[in-house]
Every structure is written in C-alpha cells, then in structure tokens.
Number of protein chains: 2
Amino acid sequence: MGTSLRDVAVLAGVSVKTVSNVVNGYAHVAPATRARVEEALARLDYRPNLSARNLRQGRTGVIALALPELDAPYFAELSRFVIDAAAEQRWLVVIEQTDGSLERERQILDGVRDHRVDGLIFSPIAIGADELAARTDDTALVLLGERIHDGPADHVAIDNVRAARDITEHLIGLGRARVAALGAQDSSISGTAPLRLAGYRQAMAAHGLPEIVATVERYHRADGFAAMTALLEGERPDAVFCFNDLLALGAMRAVLSSGLRVPGDVALAGLDDIEDGRYSTPTLTTVAPDKSELARIAVDLLKRRIDGRAGYAPQEVRAGYRLMVRESTAPAG
Amino acid sequence: MGTSLRDVAVLAGVSVKTVSNVVNGYAHVAPATRARVEEALARLDYRPNLSARNLRQGRTGVIALALPELDAPYFAELSRFVIDAAAEQRWLVVIEQTDGSLERERQILDGVRDHRVDGLIFSPIAIGADELAARTDDTALVLLGERIHDGPADHVAIDNVRAARDITEHLIGLGRARVAALGAQDSSISGTAPLRLAGYRQAMAAHGLPEIVATVERYHRADGFAAMTALLEGERPDAVFCFNDLLALGAMRAVLSSGLRVPGDVALAGLDDIEDGRYSTPTLTTVAPDKSELARIAVDLLKRRIDGRAGYAPQEVRAGYRLMVRESTAPAG
DNA sequence: CAACGTTGTTTCAACGTTGTAAACAGGGCT
DNA sequence: AGCCCTGTTTACAACGTTGAAACAACGTTG
C-alpha cells in the first residue's frame, strides 16, 4: 500500500492529525509546521486513500450512470458530458449498461447499494413508475431523459412533446402531406415514445392530416431500416419523422437503397443530433437536445440530493433543444 | 449508513466475525448458525460496505478505463465490451477521457492513485514510450490498441501493419492505381498511425505503385472531410484507405458532396468497423478488429497483473481482425 | 484417559482517515 | 502570580471489514 498520513507524520515529526489538517486545508496551522508537512507530503508523494476517507465519511465519491447502451451514439455523447460535469464535483462515474432489459434495470435500481455509490443517474427504458416509486433504497436518484408520470425522483429531460410537434410542423411546412411517424412502441409504457408520438399527433391533427405510424422494437439503425422498408412497400409517405437519429439513419439507408431520393422522394428527420447525422449523405435534419445542459442539470440535481438529505419534493426540470435543419429536409430537394 | 455486520450479528446472536464468515462463504460454520445468520442477513437486507472491505483488503474492485473520447464510436463500442468483461470479474469500470491531450494523459497515468483503482486499461494517443516507462506508480497497467515499442507494460492490439497491408491490397486488387492513404500524422510518435502507414507502404511498394499520403490532426469525420476535400483538388486518387472509419465517413461525405461517386470514382475503405459504416450509403468497407477479444484480453492481462504481483516481463498480445468488404469498394461500382 | 485433531466460534488488531474534545503554549490582562 | 483568551497541536475513538490467533467443545486415537 502507498504512503499514509502516518508515514508523512513521522517524517515531518508531527502528529497524524496535523498532517490531515494540512491536507484538508484546515486554517489554524502554523506556517512553519505547514511548510514542514508540505515538504514531507511532497517528498513521499502522498495520496489520500479514498477507501479510508470514504469509510470515515460515509461517502464514496463515485456515482453511477445507468443507461441502455454505451454504443448508441446518443448515450455515448451524453455520457461524455455527464463524466465531465461529475469531474467538476470531483466525482468518478461508473457506467452500467442495462441493454434495456427490465431485469437489468431492476438490478441496477436495487443493486447500487452493493457498490456503495453516492448516487445514481438513471436512464430507464423498461421499468415502470410504480416500480420506481416502490424502491426501498434511499440512494440519491436522478432520472435522465425519461418521463415518469408523477415520478418519485428528480427528473430532467427536454420537452419531448413539444420537440416532436416542432419537427413534425417543419415536415408539414415543406408541403408534404403524407407525413409518417417512425418509432412508436407497443411495449413501453413509460418511455419517450408515447410523448413523441403525442407531439406528432398534435401537429398532424392541427393540419387535418392523416396519421401514419410505424412501430419498432428498439431504437437501432436496423429497426429503422426494417420499418422504413415496410413503409415503402405500402402507400409511400413523402416525409418521415423518426423518433431518434439512429432510426432515421437506418430509414435513410432503406430509402436510398430502394432507389428513391432523400429528400426528393422522402424527407427524413430524426431526434438526438448525433454526430453521424451531420456527416451522412444527405445530412440529417434533427432536434438537438442540449446534452451538455442535460448532463449538468442531472449532476446538479444529484448533488443537491446527496448534500441536503432533506426530503423535498421531486423536481421536474426541462432542458433546451434546437431544431437543426439539414439536407434531408431541404426544400429544393 | 446501512446495516453493518454488527447489526446482523446482534440480531442473530452471534459474533461479527461469524457473520463475516457466512457472508464470505467460509466452510466451517454450523448449519444451524448459518441458517440463523442468513435469516438475519435477509431480514436486514445486509450489503457489505465496499469502502471498508477495500480498506481492509487493499483493493477497490474498481478499474479505470482511460481513452481519448467516449463519443468516438469505436471507443464507445470498445468500452461496452470492457465493461462487460470487467463485470465478470465483479469489477466496476470508471471511465476517464483524455481528449488525446498529453497533459490529461500524464494526469491519468499519474493520478490513478488518487482514485485508488486496482488497475488501469489505457489507450493513449499522445504520450510517449519513454514517459510511460518512467512512471513511478506501480498500479497494474494494460495498454490497449496502441503500439509502444519495447513497452514497459502489457499491451493488446491487432496487428496494425498487417491489417493496413491487407486492406490496401484489397484496394489495389480492385484495379485501382492511385491509392491514397488518409490519416498519417505529423505529431504522433507512438501512435497507430505510423503502423498503418507502414502497412500501406508495404502493399504499395509490393506493386510498384506511387504513394499518396494525406495527413490529419485528429481522427474525426471533420478531419476526413477536410483531408479528402484537399485530395480531390489535386490529382485525384481513385481509392483511399482511411486510417479509421470516422475519417472514411468524413471522406465519403466529401466525395459525394463534390458530385463524385463512391466507389465509382473513388473507392473508400476504413478501419474499426463502427456501426455507422454498416448503414452509410454506400456501406463502408473496413477492417473489423475483434473488439470483444481485445476487451477480454485486456481485462485478463490486467487481472493477472493485479493478482500475481510477480513482476514478469510485459506481454504483447495480438487480437484478431476481419476484412469486411462492403459497397464502398464494390468492383461493379 | 491423556493427548490430539477437527469443527465451530470468538477476540483482537489493523487497514487510513477524520470529528471531537481536550491539551498545550504563549500573550495580554487584571 | 493568576487568569482568560487565541492559536496550534495532539490523543482518542470510530467508520465496517477481515486475517491471525486463540479458544471451546467434541470425537478419535494410542
């Protein structure tokens, strides 16, 4: 094991506690003593043992970030911001992947205690609000990007309904009449899918247009590809709002490989603003959630929960977003 | 704080150590006692305090994974596998991002001790072999995906030279004569860039073809876009081996938006096999490193270092890869 | 029946840290 | 000299866990 306070204390000819005081920046230490201790600290290259410190303080300095899958670009990009925001609190982030499985999500929710993390930022897919509310654990919890009705925990997300309505309005504004929604889900009760669908419906209803809805299992390129291929076989839509960018990129591939043009024959829009969509051909119109803001708010909420053990009511916070119009919905197409 | 061994011990009417023994599956515990203790454990929903356990055992059960950036798809995909492989050892993974900055890489290398992780899987970009060798820290270290000549630590990667030669041969095999390499770097001494460049050169030399080399700063789509745009302004290549898939996707965008066709006018190949390339239009030919194998080997090497404190010589391990031929190098194009 | 091994359980100490409280030194005041 | 400040330093205990060693009870063996 490395050098401990004791080692430094011996070298500096001072008590262990005094060294601790210097390390922690305690005010009343005589300049001469402080200098001597700092000299010794430097000489022995002292690093505090976090296990011991945490044991003593009942904190671990580690938070968990639980999300469906790290290799979905949206979550990877989001993770980066969460890690950066957490670093400012001097927190480490461990990442847990649920693969969207209910069982894994239960484990996470139940099992964070095993790892003794101070808090959890959770982006659930499968688990329901009731189950969330029923948890006995009192570890600080913040829900990210998932609307849980009357949630039992702090929650941060963009306004999914409004964002979906905005982008659908944009498609309608191109003069397209057969605007489809791609990404509805049968299973999910608590997910974002119903919200985005609701936004789509509001826009379609406002213009008296017929709804065309394609459902998917998951939110990967492959699902978008399959759903779009199916859509093309029926009465073809001339615009499609895909519930995330991966679906849109899969759909784009399907349209293009069927010999049709984007946006000439079919305009496409997504949601997430992952980097891929800025370099696809054509580039992808999308809604860009402010990921940095999402992450920062999530970390702030968590910090407040962890610090003030007071049980104030769960907060609901909205992060901003922007509409990014690109080639896949260019009017001239 | 949660329930401790002491609480359980009191409830079961037994000593703390006996509870500890039950928890740890120690053999010689009377069945009756064990039953009573387990009953108490369940009733109080006991979870071991990892900080305490780690303090006692000098292990944290946490490893760090340091990589340039999580939102580069290759690293996101790799991380997933590392996390999964680590989970099998009941390890948690904290992720540190270096952004490829030398300073951050130094911090990581020096600072892992701050966090008291048991080991580090490190994918460096900027740092040199000499500096790696000079580190005083004795934390277990495994280098991932980066060839450090005569490295001071275990190292796992694919055979970059051979992979680069293979893919270049494939491009030449299409009958293209002006085959460019995109992704060389001025700065990097120890990176993979020189290796991939070497592989390219071997293949070009073997066929007596002239080398065309484009350098980049970093390995993002934007760099690929810029470098390709520059290449197109000169005497145009008819095939390009990009040193990673992001570069290739950026390059593809540049070719397509200049009005040329892929692979008709320019064939493109990458390296990494990120998911994006399987859904781009055209789909991207690439080299697919066995990421799962890379991750598993890295974790295994690290485990061996952590367990056996014996200082055996640094290991050099090669993981497999496959050539994935897709539309961007289709012969009929 | 004494010595011994086995099984089951406990006591003790230690991992490195920090909050509490108390001890100590020096200076200014009565 | 005795007192109370203020500033500085220290002893002690505790966080929850587990390895080492001790101990008790019991059956086996010579």
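A, B, ... follow the sequence lines: proteins, then strands. Residue 1 opens every chain.
When rounded to the nearest whole Å, the span between NE2 of A:His28 and C1' of C:dG19 equals 16 Å. To the nearest angstrom, C1' of C:dG16 lies 14 Å from CG of B:Asn49.
Within 6.0 Å of atom CZ in A:Arg296, 12 or fewer heavy atoms from other residues, nucleotides or ligands are found, so the atom counts as exposed in its surroundings.
Residue B:Thr33 is classed as a sugar-phosphate contact, given heavy-atom separations below 4.0 Å to backbone atoms only. As judged by a 4.0 angstrom heavy-atom cut-off over every strand, B:Val16 is placed among the base-contacting residues.
DNA chain D is contacted by B:Ser20, B:Asn24 of residues 19-27 of chain B, taking any non-hydrogen atom closer than 4.0 Å.
A:Arg56 has no side-chain polar atom (N or O) that falls below the 4.0 Å cut-off from OP1 or OP2 of D:dA14.
Nearest nucleotide to the side chain of A:Ala30, out of C:dT17, D:dT9, C:dG8: D:dT9. Side-chain atoms of B:Ser4 lie closest to D:dG16 of the nucleotides D:dG16, C:dT17, D:dT10. Relative to the side chain of A:Thr18, the nucleotides D:dT10, C:dT10, C:dT17 differ in distance, and D:dT10 lies closest. Checking C:dT11, D:dT17, C:dT18 against the side-chain heavy atoms of B:Ser15 singles out C:dT11 as nearest. Distance from the side chain of A:Gln57 is smallest for C:dT18 among the nucleotides C:dG8, D:dT18, C:dT18. For B:Leu55, taking side-chain heavy atoms from C-beta onward, the closest of the listed nucleotides D:dG7, C:dT20, C:dC15 is C:dC15.
Proximity of a side-chain donor or acceptor of A:Glu96 to a complementary backbone N or O of A:Ala64 within less than 3.5 Å is not detected. In this structure, A:Ser123 contributes its side chain and A:Leu144 its backbone to a donor-acceptor pair below 3.5 Å. Between the side chain of B:Glu105 and the backbone N or O of B:Ile125, at least one donor-acceptor pair lies under 3.5 Å.
Both B:Gly13 and B:Ala52 lie near DNA chain C, and the one whose nearest nucleotide falls closer to the 5' end is B:Gly13. Comparing A:Pro31 and A:Lys17 by the nucleotide of DNA chain D whose heavy atom lies nearest to each, the residue mapping closer to the 5' end is A:Pro31.
Each end of the helix from C:dC1-D:dG30 to C:dT30-D:dA1 gets its own rotation axis from five pairs of C1' atoms, and the angle between them is 70° to the nearest 10 degrees.
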What side-chain donor-acceptor pairs closer than 3.5 Å can you find for residues 24-40 of chain A, not counting sequence neighbours?
| from | atom 1 | to | atom 2 | distance (Å) |
| --- | --- | --- | --- | --- |
| A:Arg34 | NH2 | A:Tyr26 | O | 3.0 |
| A:Arg36 | NH1 | A:Ala12 | O | 2.7 |
| A:Glu39 | OE2 | A:Arg43 | NE | 3.4 |

